[in-house]
Amino acid sequence: MMKTDVSSLESSFPIRSYGKGELAMCYIPNVTQQTAVNQFNEWVHTAPGLEQRLLDTGMNRACRRYTPAQVQLMVNVFGEP
């Protein structure tokens with residue numbers, strides 16, 4: 001019988017609600033939070049179809065948090081931070 005390593009099946013990055021700055025800093029560390037947010041917003045804007053899919057989930061550009069569904073969409077595009 002083959003033994004399965006459960007830890008390799010679990011994601012190391014939890015999919016949950018994140019503040020925009022919090023998520024941006026996960027992807028772009030070692031810069032100011034505003035710089036990370038600005039760069040991350042550029043990534044979202046330039047990733048083909050991502051911004052529209054996020055808007056379809058109810059994202060509002062003025063919102064300060066991403067929902068777990070929105071975070072999952074971004075992780076699917078950018079990979080785990």
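For Met25, the side-chain contact (heavy atoms from CB on, under 4.5 Å) test picks out Gln33, Ala36, with sequence neighbours left out. Residues meeting the side chain to side chain donor-acceptor pair (under 3.5 Å) test with Arg53, sequence neighbours left out: none. For Ala69, the side-chain contact (heavy atoms from CB on, under 4.5 Å) test picks out Thr67, with sequence neighbours left out. Residues forming a side-chain contact (heavy atoms from CB on, under 4.5 Å) with Asp56 (at least two apart in sequence, or on another chain): Gln52. A search for salt bridge (charged side-chain N to carboxylate O under 4.0 Å, His left out) contacts involving Arg64 returns nothing, not counting sequence neighbours. Listed by chain and number, the residues in a side chain to side chain donor-acceptor pair (under 3.5 Å) with Asn76 are Gln72 (sequence neighbours excluded). For Gln34, the side chain to side chain donor-acceptor pair (under 3.5 Å) partners two or more places apart in sequence, or in a different chain, are Asn38.
Nearest heavy atom pair, residue Val44 against residue Phe78, reads N-CZ, 4.0 Å. Residues Arg65 and Gly19 share a closest heavy-atom pair of NH1-N, 3.5 Å.
Between the side chain of Ser17 and the backbone N or O of Pro68 there is no donor-acceptor pair closer than 3.5 Å.
Residue pairs meeting the salt bridge (charged side-chain N to carboxylate O under 4.0 Å, His left out) criterion with at least one member in residues 20-35, sequence neighbours excluded: Arg16-Glu22. For residues 38-51, the salt bridge (charged side-chain N to carboxylate O under 4.0 Å, His left out) pairs, not counting sequence neighbours, are Glu51-Arg61.
Interatomic distance, Tyr18 OH to Cys26 SG, rounded to the nearest 0.5 Å: 5.5 Å. From Ile28, atom CD1 reaches atom CZ of Phe40 across 7.0 Å, with rounding to the nearest 0.5 Å.
Aromatic ring pairs are classed by plane angle as parallel below 30°, tilted from 30° to 60° and perpendicular above 60°; the pair Tyr27 and Trp43 is perpendicular.
Counting only heavy atoms from C-beta outward, the side chains of Asn41 and Val37 approach each other to under 4.5 Å. At a threshold of 4.5 Å between non-hydrogen side-chain atoms, the residues Leu54 and Met74 count as touching.
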